[in-house]
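Below is one structure; the comments refer to it alone.
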Amino acid sequence: MTNLLTELNEKQQEVVTATEGPVLVLAGAGSGKTRALTYRIAYLLTTKKAQPSQILAVTFTNKAAGEMKERVHKLMGGKLTTLPAISTFHSLGVRMLREHSYKTDRSPKFIICDAGDSEKLIKMAMKELNISRQMFSINGIKNKISMAKTSRLTPGQLAEQKSPASEAAAAVFARYEQLLRENDAFDFDDLIIRPIDILEAHEQIRQQYQNRWRYLLVDEYQDTNPPQDRILELLIGPERNICVVGDDYQAIYSWRGANVEHILQFEKKYPDCQVVYLTRNYRSSPAILLAANEVIAENVLQKHKRLWTDKKESEPIRVVTLGNSQTEAKWVRQEIEQYVEGGGQRKDCVILYRTNAQSRAFEEEFLRSGMPYTIIGGFRFYERREIKDALAFLQFWVNRNSLLAVQRIAATMWRGVGPKTLSRWSEASGTGRSLEQVVESAAGRWPVVQEFLSSFRSADDQAFATVADLLKWLLGKSGYLKMIKGLPDGDERMENLEELLNVATAFSDPGQFLEEVALLADIDTLEQEHDRVTCMTLHGAKGLEYPVVYVVGCEEGLLPHANSVDKRAELEEERRLLYVGMTRAMKRLTLTWARTRFQHGQVLPQTVSRFLSALKKEATWLEVGSSMNNTSTDSIKDYLARSSSNEPNVTEVEEGHFIRHDKFGRGVVIEVSGSMATCIFEQCGVKTLDAAALKSEEFSPDVA
C-alpha cells in the first residue's frame with residue numbers, strides 16, 4: 001500500500017489515511033475524487049483496519065458504483081473474493097428492504113415501479129376517483145405525492161394543506177399506495193423512505209447495520225436530499241467513521257430535493273471532523289480553469305476554493321455571438337467538422353444546453369448535414385415498447401402478483417382481455433388468492449391466456465444459465481417474437497431485443513437484472529464507442545468529461561433561467577450549472593449566445609448571460625454573422641473592418657450586422673429583402689425599415 005500512496009498527491013494521501021472519525025473532502029471538478037475514494041477503500045483493506053464486509057460506499061449512479069468496484073478490485077490485485085458494498089442509494093434501499101421485507105407489507109420479491117409505472121398507477125387512481133385530468137395533471141399529482149413521501153407526510157397530512165390540488169393529490173395518494181400494495185411494488189421514493197422507517201422503528205436492525213458497516217464513504221455528498229442524509233445518520237455507528245466527498249460548486253439538483261446545506265453545514269454537525277481540500281485539477285487546461293474560477297467566484301454561499309493545474313498547453317476559451325438559434329447550430333456543426341478534418345473525432349465533442357428544447361435546432365441541423373449525433377435525455381432505450389414488453393414478461397415470471405406486468409402483457413398479447421376483466425382479476429386477487437391463480441382459473445375463456453401461462457409453467461421446469469436464456473425462452477414460447485417479426489418495423493424491434501439479451505447475458509438472477517434496469521439513469525446508458533456528437537443538458541453532464549465542449553444559449557432567461565433570476569439561492573445554483581458545464585472541458589471550451597431566439601411563438605431579442613461578465617478578460621469574444629458561415633471565427637473588429645464605411649449603403653447591410661437607428665436604438669439585422677431590412681431592436685422588438693436609415697455599430701459585449 002505504501003507504493004500505492006506514492007501514486008497520489010499530498011492531499012489525496014490525506015483523504016486515504018484519515019480513516020478514523022468524520023472526514024469532509026471538498027473535491028473540485030477533475031481533482032481525482034474517485035481515485036481518492038477507491039484508494040481509501042484499498043487502504044482500509046490492506047492495513048487490515050476493515051474487512052470487505054465492513055465497508056459501505058454510496059454514490060448516485062450505477063456507472064459510478066461500477067467504476068469504483070472495478071478500481072478497488074484492480075487495486076487489490078484482483079484477489080478479493082468479496083468486494084465491499086458499493087452501490088447507489090436506491091440499490092442500498094432495495095437491499096435493506098429485501099432483507100427485512102417481513103417488516104413491510106411487501107414480499108421479498110417486490111417489484112420496483114419506474115417513473116412510467118408510477119404514472120400508470122396514478123392515472124388509474126385518478127380515473128377511479130373521477131378526478132379530472134383537465135383540472136389536475138398526472139405529472140402535477142405525481143410531484144405532490146413524491147414531495148409528500150420525501151417529507152414523510154401521510155395522505156391525511158397532505159390534505160390538511162387545504163388547497164384543491166393538495167386535496168386531490170391526497171385522495172390519489174391514498175389509492176396509489178393501495179395499488180402499490182396490490183402490485184407488491186415499491187416506487188423510487190419508497191426505496192429510501194421505507195428503510196428509514198425500519199431503521200427508526202427497530203433499534204436491533206439499526207445496530208445490526210451499524211455493526212456490519214463500520215466505515216461509510218459517500219460520493220457526491222452535495223447531491224443528497226434530506227431522506228438520503230437521514231439514512232446515513234442512522235447507519236453511522238458509535239465510531240462515526242464517515243467520509244463524505246463532494247463539491248458545493250457542483251450542487252445543481254435542488255429541483256429534485258438535493259440540499260447543498262448538507263455539505264456546507266457538515267463541519268457544524270461534526271465539529272471534530274477533518275477537512276481536506278482537493279483543488280489540483282487533472283482534467284482541464286489552465287485557460288479553462290481560470291475562466292471557471294472567475295465565474296464561480298461570484299457566488300457567496302459556498303466553500304471558496306480555486307482549482308489549479310500544472311499543465312502548460314492551453315488555448316483561450318471563446319465567447320461567440322451569433323444571430324439566432326439556427327446560425328448557432330450551423331456554426332457549431334461547422335466547427336465540429338473542422339475539428340474532425342484536423343484529426344479529431346466527433347465523440348470528443350459535446351453540446352450542452354440549459355433546456356431540452358434547445359436541442360431541436362441542433363438536431364435539425366445535424367439531420368440536414370448528415371452529422372452523426374446522439375441526444376441524451378430523449379427517448380431512452382429502456383422506454384421502448386418492445387423492451388418494456390420483454391421486461392413485463394420477466395417481471396411476471398419473478399413476481400406472479402404483478403398487476404402492472406399482467407396489464408402490459410394483456411395489452412400486447414391477450415386480445416379480448418380488457419380493462420374491466422383486469423379490474424375483476426385485481427379485485428379477486430385481494431381475497432386470499434394470488435393474481436396468477438386468479439388469471440389461471442379464468443383462463444379457460446381465453447386460449448391465448450392459457451397458452452401463455454403454459455409457457456411460463458414450462459419455464460419453471462427449466463434450468464437457465466443466464467437471464468438472457470430465460471428471457472429468450474419466454475419471448476419465444478409465448479409467441480411474442482413471432483408477433484414482433486411480423487410488424488412493419490419488426491427488424492428494428494428485433495435488434496433492440498437482441499441488445500437487451502446481450503445485456504441480460506451478464507446476469508444469472510432475474511430479480512437482480514430487473515433491479516439494475518429499474519434503477520438505471522441516463523448517464524448509465526450513454527454510449528461513447530460510436531463516433532457521434534453528444535448533445536445533453538447541463539444537468540445531465542455532471543460527472544462526464546470531453547476534449548471539446550460547447551455550452552450554448554448563454555443568455556439571460558436561459559442561463560440563468562428566467563425562473564431563477566429573482567432568487568439569490570436559485571441564481572447561485574444557475575451559476576454553478578454553468579461552472580459544471582465549463583469544467584467538463586479538457587482542451588477546448590466555447591460559450592455561445594444568440595442575439596435573437598424564437599420563443600413563445602415569436603422571435604425575441606436576447607442579451608448575453610450576466611454570468612459571462614466575469615470573462616471580459618479571460619475569454620476571446622468573437623462575433624459570427626451569416627456572411628461568415630464559411631469562414632473560421634473572426635473577431636468582430638476584423639469582421640467590421642471588411643465594411644468600407646461605418647454608414648453602409650443598402651447593398652452593404654447584411655444579416656447579422658449590428659446597427660443603430662436614430663429612433664429605435666441598437667439592434668441586429670435578421671433579414672434583408674431588396675432595400676428593406678428586418679431588424680430586432682433591444683428596446684422595441686422587430687421592425688422592418690429602409691436599410692438606408694441604418695448605421696452600423698462597433699460590437700461590444702452586453703455584459704452586466
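Heavy atoms only: backbone and side chains are in, while hydrogens, waters and symmetry mates are out.
A salt bridge is absent between Asp197 and Lys103; no separation between the charged side-chain nitrogens and carboxylate oxygens falls under 4.0 Å. With respect to Arg493 and Asp389, no salt bridge is recorded, no charged nitrogen being found less than 4.0 Å from a carboxylate O. Under 4.0 Å is where a charged nitrogen must lie from a carboxylate oxygen, and between Arg95 and Glu515 no such pair does. Using a cut-off of 4.0 Å between Lys/Arg side-chain N and Asp/Glu carboxylate O, Asp219 and Lys33 are scored as salt-bridged. Here Asp187 does not pair with Arg194 in a salt bridge; the nearest charged N to carboxylate O distance is not below 4.0 Å.
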The test is side-chain hydrogen bond (donor to acceptor under 3.5 Å, both in side chains); show your working for Asn143 and Ser146 and say whether it passes.
CA-CA 5 Å; Asn143 289 339; Ser146 180; over 6 Å; no

Stepwise side-chain hydrogen bond (donor to acceptor under 3.5 Å, both in side chains) check, Glu220 with Gln222:
CA-CA 5 Å; Glu220 304 286 8; Gln222 78 281 347; 2.7 Å; yes

May I have the step-by-step check of side-chain hydrogen bond (donor to acceptor under 3.5 Å, both in side chains) for Gln54 and Tyr215, ending in yes or no?
CA-CA 6 Å; Gln54 295 177 311; Tyr215 291 89; over 6 Å; no

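Considering CD1 of Ile55 and CD of Gln51, their distance stands at 9.0 Å, rounded to 0.5 Å. One finds the CG atom of Asp114 at 6.0 Å from the CZ atom of Phe188 (value rounded to the nearest 0.5 Å). Expressed to the nearest 0.5 Å, how far CG of Leu216 lies from CG of Leu56 amounts to 5.0 Å. Annotation: the span from Ile122 atom CD1 to Ile138 atom CD1 amounts to 8.0 Å, rounded to 0.5 Å. From Lys472, atom NZ reaches atom CG of Leu474 across 13.0 Å, with rounding to the nearest 0.5 Å. The structure places CE of Met76 at 10.5 Å from OG1 of Thr81, a figure rounded to the nearest 0.5 Å.
The only option from Lys63, Lys69, Arg71 that meets the salt bridge (Lys or Arg N to Asp or Glu O under 4.0 Å) definition with Glu67 turns out to be Arg71. Just one of Leu97, Ile112, Leu180 meets the side chain to side chain contact (heavy atoms under 4.5 Å, CB included) condition when paired with Phe186; it is Leu97. When Thr224, Leu191, Val94 are each tested for a side chain to side chain contact (heavy atoms under 4.5 Å, CB included) with Phe89, only one passes: Thr224.
Residues Thr150 and Pro226 fail the side-chain proximity criterion, which asks for heavy atoms closer than 4.5 Å. Counting only heavy atoms from C-beta outward, the side chains of Leu470 and Leu394 approach each other to under 4.5 Å. Between Gln395 and Asn399 the shortest side-chain heavy-atom distance does not fall below 4.5 Å. In this structure, the side chains of Val406 and Phe396 come closer than 4.5 Å at one or more pairs of heavy atoms. Between Lys542 and Phe60 the shortest side-chain heavy-atom distance does not fall below 4.5 Å. Looking only at side-chain heavy atoms (C-beta outward), Lys485 and Lys482 stay at 4.5 Å or farther from each other. With a 4.5 Å cut-off on side-chain heavy atoms, Phe366 and Cys535 count as touching.
In this structure, Tyr253 and Trp255 have perpendicular ring planes: the angle between them is above 60°, well past the 30° mark.
What you find for Met68 and Ala57 is that their closest heavy atoms are CE-CB, 4.0 Å. Looking at every heavy atom in both residues, Val467 comes nearest to Phe513 through CG1-CD2, 3.9 Å.
Around atom CZ of Arg152, more than 12 heavy atoms belonging to other residues, nucleotides or ligands sit under 6.0 Å away. Counting heavy atoms of neighbouring residues, nucleotides and ligands inside a 6.0 Å radius, atom NZ of Lys388 exceeds 12 of them.
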